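What you are looking at is a predicted structure, and each value in this text was computed from that prediction instead of being measured. Reminder, nothing fancy here: chain letters follow the sequence lines and each chain counts from 1.
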Amino acid sequence: MSYFNDLFVLDTFTEQTKLFELISVDDVLKIPVDSFLSAYEISLYDLVVASKKDEWLAGRKAAKKCIVRILNSHGHKTEQKDIEIRNDDKGVPFFTLTESTDSLLIAMVNGYTSSISHCEGFAVASVMDSSEGGLGVDIEKIQKFKTGTVEAFMNKQEYDEYVKLEPLEQNKWATVVWSLKEAYLKAIKQGLRVHPKGISFSKNTPKNTFSHIVHDNQKAVPASVYCSIYKEEFVITCIKI
Amino acid sequence: MKSYDEIVSEVKELIALKFNFPLEEIQPSSNISTLAKDSIQLFELLLSFEQYYQMEAAYEDVVQMHTVEDVTKYLAKNKYGVTQ
């Protein structure tokens with residue numbers, strides 16, 4: 001996988017990373033919902049389709065762990081239940097406080113943005129100061145893609161590399177490429193409105209980072225990227241632009 | 001010429017097939033991204049609209065839409081010249 005290795009080096013997942021929170025659905029289901037969701041969030045949870053309820057919950061829990069950790073590091077003792085996660089008109093999560101009159105703290109909480117992703121029993125979330133740029137996280141199970149799908153989302157360079165690989169490596173490569181594109185599309189708040197085929201990544205400078213991401217021949221965007229294989233089953237990506 | 005109801009059924013069947021989702025649970029008001037298991041499924045559905053209806057613009061138009069009804073109206077009008 002020469003192009004793959006030129007582009008970045010995949011790390012073994014480390015639990016030490018503070019870039020994001022990774023939570024298993026099994027762990028979250030052991031915790032009472034009303035211990036970390038506000039009344040409004042519980043009403044939203046009731047509306048989530050049955051097949052996505054557990055992962056939705058895990059995503060919320062992961063995002064709240066992130067924001068509480070940040071607030072605690074700034075000396076603000078805050079409970080997860082007091083922070084509410086809402087979504088803007090593009091679906092991007094943001095935070096509000098339910099029980100506080102501290103205008104400084106309210107402004108601080110409102111200034112953070114989050115990205116949440118879930119897949120087959122796990123959820124990841126990351127949080128950053130929205131004034132610093134865009135944020136996108138993604139978790140994908142390594143899987144076999146249909147040939148037509150791969151051809152549709154990979155650019156020529158990515159696809160040329162893909163066809164050279166053994167089947168199992170093809171699955172990993174395709175999942176990594178998809179995850180990178182998905183996380184980037186979240187970071188620019190476009191989702192699939194930007195066609196993934198038009199996105200390309202330039203060669204890394206330090207390990208695990210891309211110097212630039214380009215889509216549809218527009219100006220290159222500097223980016224910081226973490227991409228890792230978790231338990232040999234999942235790809236986890238976090239992109240900050 | 002297809003009727004609007006036939007196009008509704010066609011769109012619902014395509015979604016059910018691509019998402020492996022029970023056909024009877026897909027309503028005109030259903031939000032498509034909510035029905036999808038993940039973004040890969042959603043992407044594959046967008047591709048299949050493009051291929052099935054042989055409309056190159058389908059991806060970029062349909063991706064802006066939310067509900068099954070939105071997509072049905074779009075395809076009915078732009079592919080078949082049919083209105084509800």
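- Here the CD1-CD distance, from I40(B) to E182(A), works out to 8.0 Å after rounding to the nearest 0.5 Å.
- Inspection of non-hydrogen atoms places no residue of residues 22-32 of chain B under 4.5 Å from chain A.
- Annotation: residues 69-81 of chain B contacts chain A through no residue [non-hydrogen atoms, separation under 4.5 Å].
- Chain A is approached within less than 4.5 Å, heavy atom to heavy atom, by F43(B), E44(B), L46(B), L47(B) from residues 43-51 of chain B, ordered by number.
- Summarising the geometry, atom OG belonging to S39(B) is positioned 13.0 Å from atom NZ belonging to K181(A); distances are rounded to the nearest 0.5 Å.
- For D88(A), the CG atom sits in a packed shell: over 12 heavy atoms of surrounding residues, nucleotides or ligands are nearer than 6.0 Å.
- Contacts of F145(A) with chain B are made by side-chain atoms alone, with heavy-atom separations under 4.5 Å and no backbone atom involved.
- Taking 4.5 Å as the heavy-atom cut-off, the residues of residues 47-57 of chain A that approach chain B are V49(A), K52(A), ordered by number.
- Using a 4.5 Å cut-off between heavy atoms, E120(A) touches chain B through its side chain atoms alone.
- Taking OG of S33(B) as the start and CG of L192(A) as the end, the distance is 10.0 Å to the nearest 0.5 Å.
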- Message: Quick one, R193(A) with Q64(B), criterion side chain to side chain contact (heavy atoms under 4.5 Å, CB included). Give me CA distance, side-chain angles, the key distance, then yes/no.
- Response: CA-CA 7 Å; R193(A) 285 183 288 273; Q64(B) 311 285 346; 3.4 Å; yes

